[in-house]
Structures are given as C-alpha cells and as structure tokens.
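The structure appears below as structure tokens.
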Amino acid sequence: SSIEEEFERWWDIRKGLIPLVGARRPDGSTMLIEDVVAPMPKLGDLVKDTQRLFQDFKYDDGYVLGHARDGNLHLVFSQSFEGQAEIHRFDQFLTTLCQVVANDHGGSLKGEHGTGRNVASMTHLEWQPEALEAMKSIKRLFDGENLLNPGVILNNDPRS
C-alpha cells in the first residue's frame, strides 16, 4: 500500500464522519459544526480541552476533526433547542468554548467558515476594541440601515 492510498483511506473516513453524526443525531436535534483555529504549538491542548468540554456539557456525540496542519478544527455535535435547559446548555458550552479558544490558546473563533451568528457576540475576545470599532464604522458606511446580514460578524447582543 502506498502512502497515497493510505491517505485516501483516511480522507474517506474523515469525509464520512459528518454524515455519520448527522444520521445518528437524536430526533428533533440539529447537527452543528463550529470552526476554530489555534496556533500550531497550542493545537494539541485545544483538542484535549475541546474533548473535555464535550464531556463536561454532555455532548456524547461530539468529535473534533479538521485541517490540523493549518491549526483549523471542526467541532461536530448535535444539539436540541427544545426547552430552556437545552438552550442554556448550548449557550454555556459556546461561551466557554470561545473563552478557551481565544483566551487560553490565543486562537480564533472562526477559521475557514467565517463568523456567523453563533459567535458574533464573542468577537471581542479576539479583536481589540479599536479593530471592532473600525469594522463597525465600515459596516455603517456601506450599510447604514443594517440591512445586509444583520447580526452576523458584528453583534453586541449576546442573545442573538
């Protein structure tokens, strides 16, 4: 077996993981994929911390995959949003995850997929206030009525 063939086998396994979690998720739940990045020297510790967070918040189907050589990780798990307890669990998980990524590992809350609604209110963890204000100024300049993707990337409302 060549290295290329082995690589292809591993890549096929990796591609099958996301559909596997999606197919096995509980009825009424949603499969979520969060996308984080950390500097290479911190990546192994971030993987361990993420696995611990999955355990702490009882995401039994959660797993980590991604593009390790780029420091980019995809966190895949299922989440129900039925009832306040589930919404609270997700909120606490995501808040803790963002703090671990940005504060403990000097990472970014989004890698290749960009900042969306889930972490828009957490960008202050990775961006200096001056940078956020510059981005908001540009947004106001081109979209003064906030019609284009309101609440995405720049959002001060932690409950959005």
Indicate every side-chain donor-acceptor pair of residues 143-152 with a distance under 3.5 Å to a residue at least two apart or in another chain.
unit_1, atom_1, unit_2, atom_2, d
Asp143, OD1, Asn146, N, 3.3
Asp143, OD1, Leu147, N, 2.9
Asp143, OD2, Lys139, NZ, 2.7
Asp143, OD2, Leu147, N, 3.1
Asp143, OD2, Leu148, N, 2.8

Assigning hydrophobic clusters by single linkage (Ile, Leu, Val, Met, Phe, Trp, Tyr; side-chain heavy-atom cutoff under 4.5 Å), is [X] placed with [Y]?
X: Leu73; Y: Ile13; answer: no
X: Val37; Y: Leu32; answer: no
X: Met40; Y: Leu46; answer: yes
X: Leu132; Y: Ile138; answer: no

Got [X] and [Y] here, is their nearest side-chain heavy-atom distance under 4.5 Å?
X: Leu94; Y: Glu34; answer: yes
X: Lys42; Y: Asp45; answer: no
X: Val100; Y: His105; answer: yes

In Å, rounded to the nearest 0.5 Å, how long is the span from [atom1] of [X] to [atom2] of [Y]?
X: Arg140; Y: Lys136; atom1: CZ; atom2: NZ; answer: 8.0 Å
X: Arg89; Y: Phe81; atom1: CZ; atom2: CZ; answer: 9.0 Å
X: Arg52; Y: Phe57; atom1: CZ; atom2: CZ; answer: 9.0 Å
X: Met31; Y: Phe77; atom1: CE; atom2: CZ; answer: 10.5 Å
X: Asp56; Y: Gln92; atom1: CG; atom2: CD; answer: 12.5 Å

Of the non-hydrogen atoms in [X] and [Y], which two are nearest, and what is the gap between them?
X: Leu109; Y: Ala102; result: CD2-CB, 4.3 Å
X: Lys110; Y: Ile33; result: NZ-O, 4.5 Å
X: Gly71; Y: Leu43; result: O-CD1, 3.7 Å
X: Glu5; Y: Ser2; result: OE1-N, 2.9 Å
X: Leu75; Y: Phe54; result: CB-CZ, 3.9 Å

Checklist entry - Just wondering, are more than 12 heavy atoms of other shown residues or ligands nearer than 6.0 Å to NZ in Lys48? => result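 No, NZ of Lys48 has 12 or fewer neighbouring heavy atoms, counting only those of other groups under 6.0 Å.
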Checklist entry - What do the steps show when you test Arg25 against Thr30 for side-chain contact (heavy atoms from CB on, under 4.5 Å), and what is the final call? => result CA-CA 7 Å; Arg25 67 183 168 77; Thr30 300; 5.8 Å; no
Checklist entry - Any donor and acceptor pair, going by atom type alone, linking the side chain of Asn72 with main-chain N or O of Val36 inside 3.5 Å? => result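 Answer holds: yes.
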Item to check | Residue pairs passing the side chain to side chain donor-acceptor pair (under 3.5 Å) test where at least one lies in residues 75-84, sequence neighbours excluded | outcome: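 Every pair satisfying side chain to side chain donor-acceptor pair (under 3.5 Å) with a residue in residues 75-84: Tyr59-Gln79, Asp61-Ser78, Gln79-Glu86.
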Checklist entry - In this structure, which one of Asp91, Thr95, Thr96, Leu97 forms a side chain to side chain contact (heavy atoms under 4.5 Å, CB included) with Phe93? => result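 Of the listed options, the one satisfying the test is Leu97.
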